[in-house]
Amino acid sequence: MEYFSRTRTKPSNYLSSSAKMPSTSFQPLTESEDNKSLTNKWRPVYLRPFVLFWLASFVFEISALTVSIVVFSGFRDIFQKFMWTMIFCPLGMGGAMGGLINYFITDQYYGKKAVRLVAILNLLVLGTCNDLCYNLDLIFGWFGATDHFWYWHARYPFIFAAGYMNGKLLFTDEGQRTLTRWGL
């Protein structure tokens, strides 16, 4: 309660200018000429998961938007559908998967185990995203969720397969060569 006293003065144990900051155990990231080549060498390793999953999400969302326009609701609410499918979903899904893969898998696993972990993580994260979007579409009605239940829920095997294929690209020697040929 001393922080909320009526006099509004700082308590005596409050940090003053003479207080010492605790020592840190992290290495600040600075780019000098000596380590610039090393930084440029490792940067793609950490950018690849984001770019790859952003691209996969973008391609999927193009198809979802096309099906929505042709089959379900036409051009009604096209700006909102476009923003949802072309901007927010690919960035959100690519960012989430890229960050989770970098945190849990990159630099820790490689090969078959990493590929399986990416596929499972993809199913969990993007499957949850699919379920969230299904429930949102029950409210908005843009993508046919009220009338086409299986259009939404038959996707889970494909979500797993997409994660498996992306995992093979990211965490196998052949996949690394393929990504390098693609310029990633």
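All values reported here derive from a predicted model rather than from experimental measurement. Basis for what follows: all heavy atoms, side chains included, without hydrogens, waters or symmetry-related copies.
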Side-chain donor or acceptor of N122 paired with backbone N/O of I159 under 3.5 Å: yes
Which pairs with one or both residues in residues 153-163 pass side-chain hydrogen bond (donor to acceptor under 3.5 Å, both in side chains), sequence neighbours excluded? N130-R155, N130-Y156, Y151-R155, H153-Y156
Do T178 and K168 have side-chain atoms, one donor and one acceptor, less than 3.5 Å apart? no
For residues S57 and C89, determine if any side-chain heavy atom of one lies less than 4.5 Å from a side-chain heavy atom of the other. no
Are T172 and R177 linked by a side-chain donor-acceptor pair shorter than 3.5 Å? no
So, do H148 and F72 have ring centers that fall under 6.0 Å from each other? yes
Tell me, yes or no, whether the heavy-atom count around F149 atom CZ, taken from other residues, nucleotides or ligands under 6.0 Å, exceeds 12. yes
Roughly how far, to the nearest 0.5 Å, is CZ of F88 from CD of Q80? 10.5 Å
Indicate yes or no for a side-chain donor-acceptor contact from E61 to the backbone of P90 under 3.5 Å, with no hydrogens or angles considered. no
Q108 CD to Y103 OH distance, which is reported to the nearest 0.5 Å: 8.5 Å
Just verifying a value: how many Å separate I101 CD1 and L117 CG, rounded to the nearest 0.5 Å? 10.0 Å
Greater than 12 external heavy atoms within 6.0 Å of F158's CZ: no
